[in-house]
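What follows is a set of notes on a single structure, which appears directly below.
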Amino acid sequence: MAGDRDREFHFSDRDFTTITRLIGDQTGIVLTDAKRHMVYSRLARRLRALGLSDFKSYLNIVKQDDSEELVHFVNALTTNLTAFFREEHHFTYLAETVLPELMADKKHSKQIRIWSAGCSTGEEPYSIAMTLKEAIPKGQGWDVRILATDLDSNVVNTAQRGIYTEERVAGLTKSRLRRWFLKGRGANAGKVRVNPDLQEMIAFRQLNLMNPWPIKGMFDVIFCRNVIIYFNKETQKKLVTRYADHLIDEGRLFLGHSESLFKVTDLFKLVGNTIYQKC
């Protein structure tokens, strides 16, 4: 390919095609040809770390059953690739199906609790917050809170700050940009800050899902998207069982594009595209 002779590692069209298929299968992310340089740059670091001389050898390791390198592969390519309203059908279902049910069932307590488990740099919990703010009428006294957790304290700090480049919010509608983001000026030109009304709804915390959870109370909805792909079936079952213990009856669990509870648990039933309901 053009320019390959100037690179440290040979990177063929076949290598790139294999990578796009693998990352698509694991996360649902579609990598276009415009991301070729980014893919090379991020994965070249893994080749150096492993002392490999070509991408073919590296991909053979990634494709091995129960490969530990698969986690590094996914992390390298998913970092900063999360997006606001990613897998948009989840937010449509939340607004049009889940929230009306919750508002009818909880008309006395007026409390709604949602957990974004694996919140990364914050796009998911902020998308949830926008959905809730837009769907729940003002002035009715609803107490709505979102817990947002991630293993990586660095991304949690980024999420809590709520500052993004304009490129990261380019996919949002103009009306949402105007309503939910403050445009930076001067030294902050090219950046936006999340509206404080959204930030006030969310508690950001660092949390390892494999450790004890210092969590009290029950959740109505849990988002755990593109997380369980990192675990084997036994660990997935344990994690999902713990989620069930923290969900109200008929509470919803949202998983990622390529994730499934098939042969993992019978505590949930499939009610939509990677949307599960506690039985």
Side-chain angles (χ1 to χ4, degrees), residues 27 29 35 38 41-42 45 71-72 74-88 90-91 94-95 112-136 138 142-211 213-217 219 221-227 230 254 256:
T27 69
I29 290 174
K35 298 292 186 181
M38 180 274 286
S41 177
R42 293 187 178 183
R45 300 169 194 164
V71 174
H72 296 293
V74 171
N75 282 344
L77 295 180
T78 55
T79 302
N80 298 324
L81 285 182
T82 184
F84 288 96
F85 291 95
R86 181 178 174 189
E87 299 182 52
E88 190 167 7
H90 283 168
F91 301 97
L94 178 63
I112 295 176
R113 298 292 183 264
I114 297 178
W115 181 9
S116 169
C119 68
S120 187
T121 46
E123 286 88 342
E124 178 178 278
Y126 287 126
S127 297
I128 295 170
M130 282 184 262
T131 301
L132 298 176
K133 281 284 192 182
E134 292 167 0
I136 298 176
K138 290 182 179 180
W142 283 92
D143 175 19
V144 183
R145 295 288 182 267
I146 300 165
L147 173 65
T149 67
D150 201 279
L151 174 64
D152 188 333
S153 59
N154 291 323
V155 299
V156 172
N157 290 335
T158 297
Q160 195 159 26
R161 286 194 297 271
I163 298 174
Y164 301 93
T165 63
E166 290 183 348
E167 180 183 12
R168 296 288 284 275
V169 298
L172 294 174
T173 63
K174 290 182 179 179
S175 61
R176 276 184 170 146
L177 284 172
R178 285 193 299 267
R179 183 175 181 183
W180 301 121
F181 293 88
L182 307 173
K183 192 170 184 178
R185 301 185 184 280
N188 293 316
K191 297 180 180 179
V192 297
R193 180 189 290 274
V194 173
N195 188 306
D197 287 347
L198 298 183
Q199 291 180 300
E200 290 173 2
M201 297 174 63
I202 307 171
F204 290 99
R205 300 286 185 270
Q206 190 275 338
L207 179 69
N208 186 334
L209 291 173
M210 298 298 101
N211 293 340
W213 299 345
I215 294 174
K216 297 179 181 178
F219 293 98
V221 177
I222 296 177
F223 279 71
C224 182
R225 305 189 304 170
N226 305 307
V227 172
Y230 296 133
F254 292 79

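Only this structure's heavy atoms are used, side chains among them; waters, hydrogens and symmetry mates stay out. Being a predicted model, the structure only gives us computed values, none of them experimental.
Arg113 and Asp143 make their closest contact through NH2-OD2, 2.8 Å (heavy atoms, listed as atom of the first residue, atom of the second, distance). Between Val227 and Gly118 the shortest heavy-atom distance is CG2-CA, 4.2 Å.
For an aromatic pair to be called close, the ring centres must be under 6.0 Å apart, and Tyr164 with Phe181 fails this.
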Extract all donor-acceptor atom pairs below 3.5 Å that involve side chains of residues 199-209 and protein atoms in other chains or at least two apart in sequence.
from, atom 1, to, atom 2, distance (Å)
Gln199, NE2, Gln160, O, 3.2
Gln199, NE2, Arg161, O, 3.3
Gln206, NE2, Leu151, O, 2.7
Asn208, OD1, Met210, N, 2.9

Pair up each side-chain donor or acceptor in residues 186-196 with any protein partner under 3.5 Å, not counting sequence neighbours, and list the distances.
from, atom 1, to, atom 2, distance (Å)
Asn195, OD1, Asp197, N, 2.8
Asn195, ND2, Arg179, O, 3.2

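Taking CH2 of Trp180 as the start and NZ of Lys133 as the end, the distance is 6.0 Å to the nearest 0.5 Å. With rounding to the nearest 0.5 angstrom, the OG1 atom of Thr131 is 10.0 Å from the CD1 atom of Ile136. Here CD1 of Ile163 is found 13.0 Å from OG1 of Thr121. Values are rounded to the nearest 0.5 Å. The line from OG of Ser127 to CD1 of Ile146 is 9.5 Å long, rounded to the nearest 0.5 Å. In this structure, OH in Tyr126 is found 9.0 Å from SG in Cys119, a value given to the nearest 0.5 Å.
The existence of a salt bridge linking Glu123 and Arg86 is excluded, since no basic side-chain nitrogen approaches an acidic carboxylate oxygen closer than 4.0 Å.
Taking the side chain as every heavy atom from C-beta outward, Phe85 and Met130 approach each other to under 4.5 Å. Asn226 has its side chain out of reach of Glu124: every pair of non-hydrogen atoms, C-beta onward, lies at least 4.5 Å apart. The shortest side-chain heavy-atom distance between Trp142 and Leu132 does not fall under the 4.5 Å cut-off. Contact of the Phe219 side chain with the Leu147 side chain is registered, since non-hydrogen atoms from C-beta on lie closer than 4.5 Å.
A cation-pi contact, defined as under 6.0 Å to the ring centre and within 45° of the axis, is absent between Arg176 and Phe84.
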Would Trp115 and Ile215 count as a side chain to side chain contact (heavy atoms under 4.5 Å, CB included) if you check the C-alpha gap in whole Å, the side-chain angles of each, and the deciding distance to 0.1 Å?
-> CA-CA 11 Å; Trp115 181 9; Ile215 294 174; 3.7 Å; yes
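No donor-acceptor distance shorter than 3.5 angstrom exists from the side chain of Asp150 to the backbone of Val156, with no hydrogens or angles considered.
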